[in-house]
Amino acid sequence: MEKPWSGRFSEETDRFVEEFTESVSFDREIALEDIEQNIAHVRTLVRAGVLSEEEGKKLEEALEAIRRDIEKGKFRWRKELEDVHMNIEADLVRRLGDLGKKVHTGRSRNDQVATDERMFLKREIRETVRLLGELRKVLVRLAEGTIDVFLPSYTHLQRAQPIRLAHYFLAFREMFLKDTERFLDCYRRVDDLPLGSGAVAGVDFPLDRFFTARELGFARVIRNSIYATADRDFILEFLFACAVTGMHLSRIAEDLILWSSEEFGYVDLPDRLCTGSSIMPQKKNPDVLELIRGKAGRLYGNLVTLLTVLKGLPTAYNRDLQEDKEPLFDSVRTLKGCLIGMRKVLEGISIRENRMRSGAGNLTLATDLANYLVMKGVPFREAHGIVGSVVAYVLEKGKRMEDLTLDDLRSFSDRFEEDVLDLLDPEGSADRKRTYGGTSREFLVRIIEIAKREEGLK
Ligand code: ARG
């Protein structure tokens, strides 16, 4: 088959090279963006007087017809035509003859592909942000229902201090909020138009790029044709935002995997979201969560792939840049799946309050005991030491902190008085965390009200 660029060639392309260089098997993903972009380019050419109104109209009609074919799955994609752009152009030529051959005037695939990718990414960022919003809503609703559920917080995966479960859910709501901000911030830089930059140096025809930007809904026009065609920083930013979100998702997934184990027994996952073992009849495995945790690896990989592709490329366009697409499409697909999966899990978990609470007392109250002594005038380091001895005693006697009598405690320090006995429970411990951002009921009620308003839940 004759290539659009075959003029200076004297032999046919090697079959292997056709296979090796083609991208249409995956860049079909941006076919509809390419159609939109073609239409805007045709209008810009008409406006510049390069095409007549009549020609513009015919080209637009043909592009609409191709769009319909693509949407219906009727379009015949051909690998010999390399990529999505040349497939669509070749079909225009098939339909319109010489007129179809005019569409690529004042344009290069270099500015074309960057434009399509930015259009695609704008749409996908909006969708990602929407899914993040849904996930945050579920977390806020969970928080609202779990203010009075207590569990131990963990540092070093050792029981640390009692917290209210709502506080935990709000921690992840906060992370997904920062992730959302990262995507929205990235969006601002994706929203710049490359088209009209040509292959690298700009275009000879008087194209009104600001008109093209308005047609395609871009906020700005990229003001350097080399940057416009050479860089993929906007994809890197997106891949980074995906990687960070994937990391957050993998951490909450890991917590829930641990919590659903028999050893913790803090939550139950719904059967519909678990799978069984082919050999061990008793198994109910948290595969969705495990895959969410595992897929963070791909999201990191895609970022590293593109960083590596870009490093040291001679300026401006090089075919290496075609390697940006698969990581991009993969991260888009992967992250959307993880966000939906996590939302479903969180909507379906049941919480075993008693199990959680039983872990939230005892030694997790040691810090409260030390702080009690501080209030009675003992310097903190000294108080820490005294309570350390109490802990050793409790462990040795096989008691729980809550079982200690006033006499027991006074044998460690005469600063302990009657009121110390009210101190030894998770609720009191949580509510003494008086600082902004802490786990007290008072603060959580306040922040949940704010979160609900921010999430449009009230
Ligand atoms: N398929 C190519 C890509 O994705 C389109 C741009 C090709 N440009 C070129 N001069 N060969 O990067």
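Keep in mind that this is a model prediction, so the values were computed, not measured.
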Problem - Any donor-acceptor N or O pair under 3.5 Å, side chains R43, N38 - result: no

Handout entry: Within the 6.0 Å centroid threshold, strictly below: F240 and F183
Key = no

Problem - side chain to side chain contact (heavy atoms under 4.5 Å, CB included) partner of R136, chosen from R141, E174, E455, E454 - result: E455

Problem - Residue pair Q158 / T155, side-chain donor-acceptor N/O under 3.5 Å - result: no

Problem - Gap separating the CE atom of M342 from the CZ atom of R293, nearest 0.5 angstrom - result: 10.5 Å

Exercise for the section: Could you check V221, L207, L195 and say which one makes a side chain to side chain contact (heavy atoms under 4.5 Å, CB included) with T212? Expected result: L195

Exercise for the section: For the pair F20 and F16, name the ring-plane relationship: parallel under 30°, tilted 30 to 60°, perpendicular over 60°. Expected result: parallel

Handout entry: Plane angle bin for Y168 and W259 - parallel if under 30°, tilted between 30 and 60°, otherwise perpendicular
Key = tilted

Exercise for the section: Hey, can you tell me if F329 and F120 have their rings parallel, tilted or perpendicular (30° and 60° cut-offs)? Expected result: perpendicular

Exercise for the section: Give a yes or no on whether K336 atom NZ has more than 12 heavy-atom contacts from other residues, nucleotides or ligands under 6.0 Å away. Expected result: yes

Handout entry: Residue pair N285, E290: steps toward the side chain to side chain donor-acceptor pair (under 3.5 Å) verdict
Key = CA-CA 9 Å; N285 296 329; E290 289 170 306; 6.0 Å; no

Practice task
Would you check if E33 and E36 make a side-chain contact, meaning some heavy-atom pair closer than 4.5 Å?
Solution key: no

Problem - CG-CD distance between L81 and E18, expressed to the nearest 0.5 angstrom - result: 8.5 Å

Practice task
Measure from the ring center of Y187 to the ring center of F238 and say whether it is less than 6.0 Å.
Solution key: no

Practice task
May I ask you to test the F150-R357 pair for a side-chain heavy-atom distance under 4.5 Å?
Solution key: yes

Exercise for the section: Report yes or no: is the cationic atom of K122 (NZ for Lys, CZ for Arg) under 6.0 Å from the centre of the six-membered ring of F218, at an angle within 45° of the ring normal? Expected result: yes

Handout entry: Atom CZ of R251: over 12 foreign heavy atoms under 6.0 Å
Key = no

Exercise for the section: Examine R47 relative to F211 and say whether NZ or CZ is less than 6.0 Å from the centre of the six-membered ring and inside a 45° cone about the ring axis. Expected result: yes

Practice task
Taking the side chain as every heavy atom from C-beta outward, state whether L310 and L321 have any pair of such atoms under 4.5 Å apart.
Solution key: yes

Problem - Between N87 and D83, a side-chain donor and acceptor under 3.5 Å - result: no

Practice task
Going by the salt bridge (Lys or Arg N to Asp or Glu O under 4.0 Å) test, name the single residue among K458, K452, K137 that passes it with E144.
Solution key: K452

Exercise for the section: Applying salt bridge (Lys or Arg N to Asp or Glu O under 4.0 Å) between R333 and each of E29, E124, E326, report the one that passes. Expected result: E29

